[in-house]
Structures are given as C-alpha cells and as structure tokens.
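Comments concern the structure below.
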Amino acid sequence: MQPLIRVEGIVAPIDRANVDTDAIIPKQFLKSIKRTGFGPNLFDEWRYLDHGEPGQDCAQRPKNPEFVLNQPRYQDASILLARRNFGCGSSREHAPWALKDYGFRVLIAPSFAEIFYNNCTKNGILPVVLSEEAVEQLFREVTASTGYTLEVDLPSQSVTTSAGEVFSFEIDTFRKQALLDGLDEIGLTLQHAAEIQAYEARRRRETPWLFQTPDT
Amino acid sequence: MVAATLYDKLWDAHVVRDNADGTSLLYIDRHLVHEVTSPQAFEGMRLAGRRPWRVAANLAVADHNVPTINRAQGIADPVSRLQVETLDRNCAEYEIVEFRLADSRQGIVHVIGPEQGATQPGMTVVCGDSHTSTHGALGALAFGIGTSEVEHVLVTQTLIQSQSKRMLVRVEGQVGAGVSAKDMALALIGRIGTAGATGYAIEFGGAAVRALSMEGRMTLCNMSIEAGARCGLVAVDDVTIEYMRGRPFAPHGAMWDRAVAYWRTLVSDSDAVFDRVVELDGTEIVPQITWGTSPEMVAPVDARVPDPAAEPDPTRRIGMERALAYMGLEPGVPMTRIRPDKVFIGSCTNSRIEDLRSAAAVVQGRRVADTIKLALVVPGSGLVKRQAEDEGLDRIFQAAGFEWREPGCSMCLAMNADRLQPGERCASTSNRNFEGRQGHGGRTHLLSPAMAAAAAITGHFVDVRKL
C-alpha cells in the first residue's frame with residue numbers, strides 16, 4: 001500500500017449527506033475482476049448524462065456540467081469534502097478504489113460509515129472526521145474561493161487552511177501507523193502465526209464441532 | 001464475574017491476541033465468499049505467493065451476477081460470466097467448497113449460510129458483503145468486510161478489529177397481524193437514522209423479537225447495516241436451536257449435545273450493561289414504506305409523503321427535496337396513492353420460505369393489477385424454491401400473474417438483467433432504496449413481502465391489514 005503522510009491539494013465539495021457506495025461506484029462496474037481502472041466511473045450516475053456501462057471510453061461521454069467534479073475549478077482535486085455518513089451502504093471496496101484511482105487521497109466529513117472508513121485506510125486513503133461546524137466552515141470557504149486548498153498532515157493529525165487555521169482530528173494508532181508506513185497487514189499478522197495455531201488447537205479441544213466438515 | 005453482553009462473550013471467545021495499539025486479532029470461524037468481492041483477494045493472495053489458512057472455513061457461491069431465467073443457457077453477459085467463472089476457477093484451485101449455478105443448494109450467500117447450518121451460533125462469520133449482519137440472528141458475531149479483509153481472512157483466518165459499542169434495541173409488546181420483522185427494522189431505522197448505530201453492535205431483544213421465527217430474526221439483523229451497525233445479534237433460544245437441528249453443516253450425534261450446551265450460554269447476562277438502549281413498542285408499529293432514497297426516509301402506510309419545508313436541519317431538508325425530486329413525489333400525497341410499476345419479492349432481506357408464504361397468503365385467489373408491468377418472485381436459494389414449490393406457492397404466484405424465478409440477488413441491486421428502467425417505480429422487499437440501486441433512474445420503495453404482494457394486487461400501496 002502507498003504510504004500517506006502529508007497531502008496538500010485542491011478541495012472538491014460534495015454537498016449531500018448519506019452518500020452511499022452505490023453512488024460512489026455503481027454496481028455495473030463491480031463486475032471487474034481488477035483493483036484498478038475505476039476512476040473514470042467514480043460517481044458515474046451524477047457525473048455523466050448518459051447511462052454508463054463497463055468498457056466505454058468515458059472521455060467521449062456527455063458530462064453533467066452541474067456536477068462538482070466536472071467544474072474546472074475542482075480539476076486535480078485530491079481532497080474530498082463531504083457531509084455526514086459518507087460511504088454508507090454496500091461494503092464494496094471498489095468505492096475507495098475508485099476514489100483513489102481518480103486521485104483522492106484524503107476525505108473530510110463529519111462522519112463515515114464504518115466498513116467504508118476501514119476500507120479507505122487499507123488503500124492509502126485518509127478519512128478525516130471533523131466536527132459539523134468545522135465541515136460547515138470548510139464548505140463555505142471552498143465554495144467562496146476558487147483554487148481553495150488544504151494541507152492535511154497525518155503525523156500531527158491536523159488539517160490546515162491556507163489562512164493558517166488548524167483543525168485537529170482523531171485516528172486510532174493502528175490505522176495511523178498502517179497509513180504512514182503503507183503496511184502489508186497480512187504480512188504483519190502472519191508474524192503471529194504460532195499464536196493463531198495455538199488458538200486453533202485450543203478451540204479444536206473446546207468446540208470441536210466447529211472444525212468438522214460435512215461431505216459436500 | 002463481570003456481567004457480559006452477548007457481543008462481549010462472542011468477542012472474548014475469538015480473541016487470538018490483544019495488540020498494544022488497542023486492536024485485537026480476532027479468529028474467524030466461517031468465511032462466506034461470493035463472486036463480486038473476492039476476485040481481487042484471490043489475485044492478491046496468489047501474487048504474494050500465499051495460500052488459504054484453513055480451506056474448510058470457506059464456503060462459496062455466486063449470487064450477485066447470476067441470471068434468474070434460462071439458467072441452462074449460462075450467463076449471457078460476458079463480463080458477468082467472467083466474474084462467475086473466476087470464482088469457479090479460484091474455488092477449484094484452492095479446493096474451496098462452492099455451490100455452483102447448477103447445484104440445487106445455490107442461492108443468496110446470506111440465505112444459504114444458515115440454511116446449510118454453515119453459519120452457527122457462537123461463530124464469527126464474515127463475508128465481503130455488508131448484509132453479513134444477517135447471520136447474527138443465529139447468535140453469531142457476523143459482519144461485512146471489504147476485499148482487503150477478504151484476502152486477510154483467506155490467508156490468516158483472522159482479522160484485526162476494534163471492539164464496537166453495544167446497543168440494545170428492545171421491542172416489547174407483540175406486533176399485530178400483518179406487521180413483520182421488516183416493519184420493525186424500517187421503524188427502527190426511521191427512528192434512529194441510517195447512521196444511528198454507526199460504531200455499535202446491535203442486540204435485538206424484547207418479547208416481540210423473541211416471538212420472531214429465525215427467518216424474521218434474519219430480516220431484522222440483515223437491516224442492522226441500514227442503521228449503520230456492522231452487526232446485529234439475537235440471543236440463542238429454543239427457536240435458534242430447533243432451527244439448527246439436522247442441517248447439513250450442523251453438528252450431529254454427541255457433538256450436537258456439546259454444541260447445544262455451549263449455544264445455551266450465548267445470551268447477554270441479565271445485568272449486562274449496554275452503551276445505548278433504544279426501546280420500541282411493538283403494538284404501535286404499523287406497516288412501513290420508504291418514500292425517499294435512504295432507508296431512513298420511511299413512513300407508516302397510513303401517513304403522507306413528508307414536507308421538506310417542515311424540516312429544520314438544512315442538510316436534511318436539501319436531502320429530502322432531492323429525494324422527492326428523484327422519486328417523482330410531491331409532499332402531502334398519501335402513501336396509499338403511490339402506484340408502483342414493478343414489484344420485486346426477493347433479496348437477502350426477504351426471500352426465505354416464510355417471506356414467500358406471507359406474500360402468497362395475500363396473493364392467493366387474486367390477480368396482479370393490470371397497471372403492474374412486472375411482478376417478480378425470486379426465492380433466496382434453490383432449496384427455498386423447491387420447498388415453496390412443494391407447498392404450491394409457485395402456482396399461487398403464477399396464477400396471479402407473478403413470474404417465478406431462479407435464486408439470486410436479482411433486482412435488489414440489478415447486477416444481472418433484472419432491473420428497473422429510468423423513472424420506473426418499484427415496490428421492493430429488498431434493503432436499499434438508493435438512487436439507481438435497482439437500475440439507472442429507478443425508484444425504489446422498501447416494504448415487507450406481504451405489503452409488496454398487496455401493492456401488486458391493488459396497483460397502489462395499501463395497508464395489507466385492510467385488504
């Protein structure tokens with residue numbers, strides 16, 4: 001996983017609550033068996049005026065000029081500003097894959113759905129939870145000034161505006177370290193293989209039926 | 001001993017090690033695998049030169065992409081076909097048990113797990129699908145995961161997890177006839193919102209929950225994720241144990257008695273403390289229908305479409321306005337005046353035998369209204385389908401004008417050919433009414449199987465208790 005330490009970039013605002021992962025990446029694109037290439041279909045239903053299907057050349061499709069990511073001022077955004085309960089619904093990891101593939105590295109919202117939050121941190125995307133008031137202020141500022149940027153620093157757990165105002169955020173130690181180091185979690189867990197085997201041996205004695213397999 | 005909730009007992013029994021950073025390595029007993037969220041995990045495992053830790057812990061089935069008609073001809077869409085074939089290939093390579101398309105046990109992953117006894121009380125159960133919460137109805141700690149975690153479970157049989165807070169949802173007072181677990185779930189979500197239980201594990205309790213069948217409990221736990229909770233739980237009781245008896249993967253003989261003795265301990269202690277308690281009065285719950293594009297946008301059938309102007313919170317107000325515009329609805333219209341174009345009875349929420357029975361009871365001797373373009377019944381598994389046919393339910397549905405299909409996720413998320421056209425309105429027993437969920441531009445109203453059947457018959461939403 002690509003480490004994430006500090007991101008300074010253009011902020012794009014998605015001004016609606018409860019943005020679900022079906023909206024972030026619609027189901028027809030989940031048929032892919034790859035992890036990459038989802039960026040052009042990020043927010044597909046809102047971003048394009050036609051109906052998207054896998055395999056299209058998205059550069060040729062009619063874009064919805066109203067949608068925030070189609071506005072020139074938000075091109076090259078790497079920070080997404082959102083409302084409460086962002087990423088709710090389906091557990092599809094294709095949602096963070098699409099956000100990452102598009103170029104987002106940081107998401108800021110008053111709250112995130114749990115599975116989505118977890119999936120982000122496993123893909124080098126930092127979800128930042130700020131208060132409703134702070135998010136409201138950032139929405140006002142980003143819409144008021146073209147080229148609005150923020151600096152997000154994970155080691156110090158802070159978001160800094162170009163005017164120098166600082167908002168701090170919480171993140172648990174494990175996820176912070178995983179993002180900073182770009183950790184291979186599976187490799188880390190396998191260092192505890194002997195403990196997993198010991199646990200299994202104990203459970204085989206205590207709850208042996210869990211280790212029985214029927215003839216299928 | 002300190003009083004423990006059911007969640008605490010399940011958690012404590014599965015901790016392999018506690019890490020210094022506050023997380024724990026949690027052992028996973030059962031990993032359910034489907035075609036959409038697993039290919040990248042198998043690929044990642046292969047590229048890293050790793051192997052599955054315990055093959056027998058996995059059970060696989062294709063459900064999201066599969067056609068519900070003309071099965072013999074295979075999958076027409078080449079992209080869907082490749083995904084299903086990829087699952088077949090991965091399972092064959094690693095010798096993982098898979099119920100393939102032609103197998104009578106094939107079906108929706110959250111239907112077949114309990115049906116086979118492959119998900120059991122006291123287990124940790126995960127799947128790359130948010131509706132894994134369903135299996136908590138058996139007294140299992142069950143939650144959805146992403147694809148990175150699918151790979152982690154495949155390779156290590158564990159997950160790195162932090163504990164959730166505990167919420168008790170207590171429903172006292174029996175619900176009336178015609179009111180189902182679906183209505184209880186929707187009423188709860190209407191009350192606490194779609195993020196109301198984020199960060200919590202919900203345990204459902206109270207007389208109305210204990211009175212539910214396993215099917216009803218599964219519906220309730222299935223919808224926990226729609227309230228934001230990764231898992232829902234119901235304590236083990238006689239209903240649970242009778243449900244498990246004789247299922248193919250369930251313990252047998254002397255092992256059965258040992259298992260039952262353990263399962264009986266899977267209840268919250270009477271003095272256990274929850275971080276939050278939500279109480280609902282079952283006697284006050286009436287059939288529910290969603291009117292918007294989030295499951296929390298829900299109203300009783302006897303209500304009217306709400307007016308955004310009355311909503312003080314600006315973010316919510318804008319959300320309501322956008323939802324009503326998308327849904328093509330005006331504030332103040334009685335819910336019973338809304339007319340669906342299609343009716344879908346199915347999904348991991350409501351495709352079990354009891355769901356089909358309750359819909360068939362409404363349909364019996366009646367006809368689908370002329371204005372309904374399509375009324376679909378999609379059983380949750382091949383075995384549910386066979387049982388329904390043994391009971392004659394298929395003939396009741398077909399005589400009324402319903403189509404009787406092969407099992408799969410179908411129009412819940414429209415990854416196969418079953419979908420809404422832009423602007424079409426659907427009475428759906430599924431779990432999500434998000435924009436475009438059932439097809440680009442489609443409009444979804446969530447409700448119970450009996451309510452969906454009633455809407456199919458009358459051509460508009462109606463209180464099934466008055467039909």
Side-chain angles (χ1 to χ4, degrees), chain A residues 15-18 20 22-23 26-28 30-35 45 51-52 54-55 83-85 88-94 96 111-116 118-119 122-123 172-174 177 184-190 192-193 195-196 198-200 203 207-214 216, chain B residues 16-17 19 21-23 25 27 29 36-37 39-40 48 50 56 65 79-80 82-83 86 97 122-123 128-130 144-149 151-152 155-158 160 162 194-195 198-199 228 230 248-249 251 255 258-259 262 294 315-316 318-319 322 413-415 432 434-437 440:
Chain A
D15 195 1
R16 42 171 106 186
N18 297 319
D20 56 75
D22 275 78
K27 84 276 296 181
Q28 61 268 35
L30 271 51
K31 296 177 184 179
S32 167
I33 56 172
K34 299 185 184 320
R35 267 176 208 264
E45 298 232 340
H51 173 60
R83 296 289 187 183
R84 67 183 82 132
N85 200 27
C88 61
S90 159
S91 62
R92 57 188 70 168
E93 199 160 314
H94 312 67
S111 61
F112 294 91
E114 219 177 318
I115 301 176
F116 174 79
N118 197 36
N119 285 341
K122 297 194 186 299
N123 287 281
D172 70 55
T173 315
F174 172 72
Q177 210 54 48
D184 169 16
E185 282 184 23
I186 295 175
L188 276 185
T189 296
L190 287 174
H192 304 299
E195 283 169 89
I196 301 170
Y199 174 89
E200 273 184 339
R203 291 281 280 179
T207 55
W209 62 89
L210 292 174
F211 296 87
Q212 287 185 325
T213 42
T216 48
Chain B
V16 172
R17 62 174 302 187
N19 298 314
D21 57 22
T23 61
L25 196 61
Y27 190 79
D29 295 310
V36 177
T37 56
Q40 297 88 351
R50 293 168 174 154
N65 267 296
V79 190
S80 289
L82 175 64
Q83 198 167 53
T86 302
V97 174
M123 276 184 166
D129 191 285
S130 61
I145 55 178
T147 297
S148 295
E149 290 183 316
E151 184 179 338
H152 198 283
V155 176
T156 72
Q157 213 52 53
T158 64
I160 302 164
S162 303
T194 51
T198 301
R230 280 179 82 182
F249 284 65
M255 208 60 96
R258 275 184 79 175
Y262 174 62
S294 164
T315 302
R316 287 177 71 94
I318 294 165
R322 189 179 274 129
L413 87 168
M415 274 190 84
R432 291 186 174 135
F434 300 153
E435 286 183 22
R437 172 81 178 180
H440 177 67

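Letters go in sequence order (proteins before strands), and every chain restarts at 1. In this text the structure is predicted, and so the values were computed from the model without any measurement.
- Atom-to-atom distance recorded for A/H192:NE2 and B/R17:CZ is 4.0 Å, nearest 0.5 angstrom.
- For A/A23, no part sits under 4.5 Å from any heavy atom of chain B, backbone or side chain.
- Rounded to the nearest 0.5 Å, atoms NE2 (B/H152) and CG (A/L188) are 8.0 Å apart.
- Salt-bridge annotation for A/K122 and B/E151: absent, with no side-chain N of the basic residue lying under 4.0 Å from a carboxylate O of the acidic one.
- Using a 4.5 Å cut-off between heavy atoms, A/N123 touches chain B through its side chain atoms alone.
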Would A/I196 and B/L25 satisfy side-chain contact (heavy atoms from CB on, under 4.5 Å), going step by step from the backbone distance to the final call?
-> CA-CA 9 Å; A/I196 301 170; B/L25 196 61; 4.1 Å; yes
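- For the set A/C88, A/S90, A/A113, the count of heavy-atom pairs under 4.5 angstrom toward chain B peaks at A/S90.
- Proximity to chain B is limited to the side chain of A/E200, based on heavy atoms less than 4.5 angstrom apart.
- Closest heavy-atom contact between B/P251 and A/Q212: CA-OE1, 4.2 Å.
- Under the 4.0 Å criterion applied to side-chain N and carboxylate O atoms, B/R437 and A/D20 are not assigned as salt-bridge partners.
- Atom CG of A/N119 and atom CD1 of B/I145 lie 9.0 Å apart (nearest 0.5 Å).
- For A/E185, the parts sitting under 4.5 Å from any heavy atom of chain B are the backbone and the side chain alike.
- Heavy atoms closer than 4.5 Å to chain A are found in both the backbone and the side chain of B/S148.
- Of all the heavy atoms in A/E45 and B/G436, the pair that sits closest is OE1-CA, 3.9 Å.
- Neither the backbone nor the side chain of A/S111 comes within contact range of chain B; no heavy atoms are under 4.5 Å apart.
- There is no contact between A/A198 and chain B, counting heavy-atom distances below 4.5 Å.
- Between the CZ atom in A/R92 and the CG atom in B/D129 there is a gap of 9.5 Å [rounded to 0.5 Å].
- Closest heavy-atom contact between B/Q40 and A/I33: NE2-C, 3.5 Å.
- For B/T147, the parts lying near chain A are the backbone and the side chain together; criterion is any non-hydrogen pair under 4.5 Å.
- When all heavy atoms are compared, the tightest approach of B/L413 to A/K27 is O-CE, 2.8 Å.
- For B/T156, the parts sitting under 4.5 Å from any heavy atom of chain A are the backbone and the side chain alike.
- The contact between A/F211 and chain B is made by backbone and side chain atoms together, counting heavy-atom distances below 4.5 Å.
- Under the 3.5 Å distance criterion, with hydrogens and angles disregarded, a donor-acceptor pair is assigned to the side chains of A/N85 and B/T194.
- With rounding to the nearest 0.5 angstrom, the CG atom of A/N18 is 4.5 Å from the OG atom of B/S294.
- Contact record, B/E149 with A/N118: OE2-ND2, 2.8 Å, taken as the closest heavy-atom pair.
- Of the listed residues A/Q177, A/R203, A/Q28, A/R83, the one with more heavy-atom pairs under 4.5 angstrom with chain B than any other is A/R203.
- Across every non-hydrogen atom of B/T198 and A/E114, the tightest pair is C-OE1, 4.1 Å.
- Judged by distance alone, the side chain of A/K31 and the main-chain N or O of B/M415 form a donor-acceptor pair under 3.5 Å.
- With chain B as partner, the option from A/K34, A/H94, A/H51, A/R16 having the largest number of non-hydrogen pairs under 4.5 angstrom is A/R16.
- With respect to chain A, the highest number of heavy-atom pairs below 4.5 Å among B/A48, B/G22, B/G199 belongs to B/G199.
- Chain A forms the most heavy-atom pairs under 4.5 Å with one residue out of B/S162, B/G128, B/A56, B/A195, and that residue is B/A195.
- Rounded to the nearest 0.5 Å, atoms OG1 (A/T189) and CG (B/N19) are 8.0 Å apart.
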